Asks: 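Quick one: the structure is below, questions incoming.
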Amino acid sequence: MPIITKFPVYDFENRLLVEAGTKLTPEFLAEFQAPQRKSYGAFPLISHGLIRDDLLHQFSTAPYDVIFSQSDKVADILAVMEQVRLPLPILQGLDYFRRHDFHTYRHMLMIFALSILIAGELEGRADLIHAKIAQSGPTHDLGKIAVPLATLLKKGPLTIREHDMLRHHTLTGYLLLAHYMQDTSNIAAIIARDHHERRNGSGYPGGIEQRDINVEITTVADIYDALIAQRPYRPVSFDNRTALEELTWMADRGEIGWDVVRVLISYNRRNKPSYKKFEVSLERRGHAPESNIYGKVINDHQEGE
Ligand SMILES: [Fe+2]
Ligand SMILES: [Fe+2]
C-alpha cells in the first residue's frame, strides 16, 4: 500500500513539490526524481557554520561526555563526518533550526554522532554504508522545517491537526531530501521517512515492519536523545538510567532491535564492554518524569479551553 501525503510539501523557495493526498507510488517517485537541470552541489557539512564547535561542545556535556569519552573514537567519528557533503539548501535548513529551534538542531547533530558511533560498532568503520549512514543523521528530522515553530516549541498538548502535521515531518523530510539529492532511494531520504517505524509495525508513517539496520540505528539513537534532552513539552527530561530502561523495554516488546540498544548501553558504561558480552536487566528502577505530556493529543476545538 503506497503511503499518501496528508499535507502539501513545498521546497525551500516555497514552490509546491507534492500536493496533499498524493499516493507515493513507485511510478510517482520515478517521475519525482527525474533529473532536473539544476544541481544543488555538495558542500562539507562539518565545516558549515558552527557545526563542528557545537558538536564538540555537546560531546563534553552529560551524558554524552561518557558516551564519547574515548578520544580515538571521537577522532574516528570526526573523520567520518569530514566525508559528509550535502546540498547547500539542506545545510541552510540546519541553519534555520540553529536559529529558531535549537533543540531540533542539537538533536540532529547528536543523532549524527551517535549513528556513526553505533554503525562503527555494528558494521565496522569506514565502509561505504558507514559513510552513507553518517549522511543521514543530521537530516532525519529535516521535515520539521514545514511544521510551524509555534507547534515545534509548544509547551502544552498538541491538537490533532498539529500532531498530524508533526508526524508528517517523515514524509516531508523524505520528499525534500529526495528532491535536493535528486534520488528517491537515497539512504538519508529513506531514514527521514522510516525512522519512526518499528520492528513490530507499530510506528508511522507506513506502519511497516521495519528491519533495515541502517534505519534502526537512527531510530534508537533518536528515541534515546529525545528522552534525555530538554524538550518544551516537559519541565524535566528523563534521567539517563530511565531512558536506557525505556529502550530496553522497547526492545523486549519487539519494537526495536537488541543489538543497537546494547551498543548504546555499553557506551554509557565507563569501561565500554563488548555489546555482546554483558547481561541486560529488565528490572525497572528509574522513574519517568512527571508532567510529561509527550504524545498527549487534544481535539482541535479544545484548544484554548
Ligand atoms: Fe523524527
Ligand atoms: Fe529525531
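Any value given below was found using the heavy atoms of this structure, including those in side chains, with hydrogens, waters and symmetry copies removed. In each ligand, atom 1 is the first atom listed, and ligand 1 is the first ligand listed. Quick caveat: nothing in here was measured; it's all calculated off a predicted structure.
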Asks: Would you call Glu82 and Arg52 a salt bridge, using N to O less than 4.0 angstrom?
Replies: yes
Asks: Without swapping roles, check the side chain of Glu197 against the backbone of Gly207 for a donor-acceptor pair under 3.5 Å.
Replies: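 Judged by distance alone, yes, a pair lies under 3.5 Å.
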Asks: Can you say whether the rings of His100 and Tyr96 are parallel (under 30°), tilted (30 to 60°) or perpendicular (over 60°)?
Replies: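 Judged by the thresholds at 30° and 60°, the geometry between His100 and Tyr96 is tilted.
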Asks: Closer than 2.8 Å to the Fe ion (ligand 2), which protein N, O or S atoms?
Replies: His107 NE2, His140 NE2, Asp141 OD2, Asp222 OD1
Asks: Output yes when a side-chain donor or acceptor of Asp239 lies under 3.5 Å from a complementary backbone atom of Thr242, and no otherwise.
Replies: yes
Asks: Got a donor-acceptor contact below 3.5 angstrom from the Ser69 side chain to the Val66 backbone?
Replies: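 Looks like yes, one N/O pair under 3.5 Å.
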Asks: Is the closest side-chain heavy-atom distance between His196 and Arg167 below 4.5 Å?
Replies: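 Not in contact.
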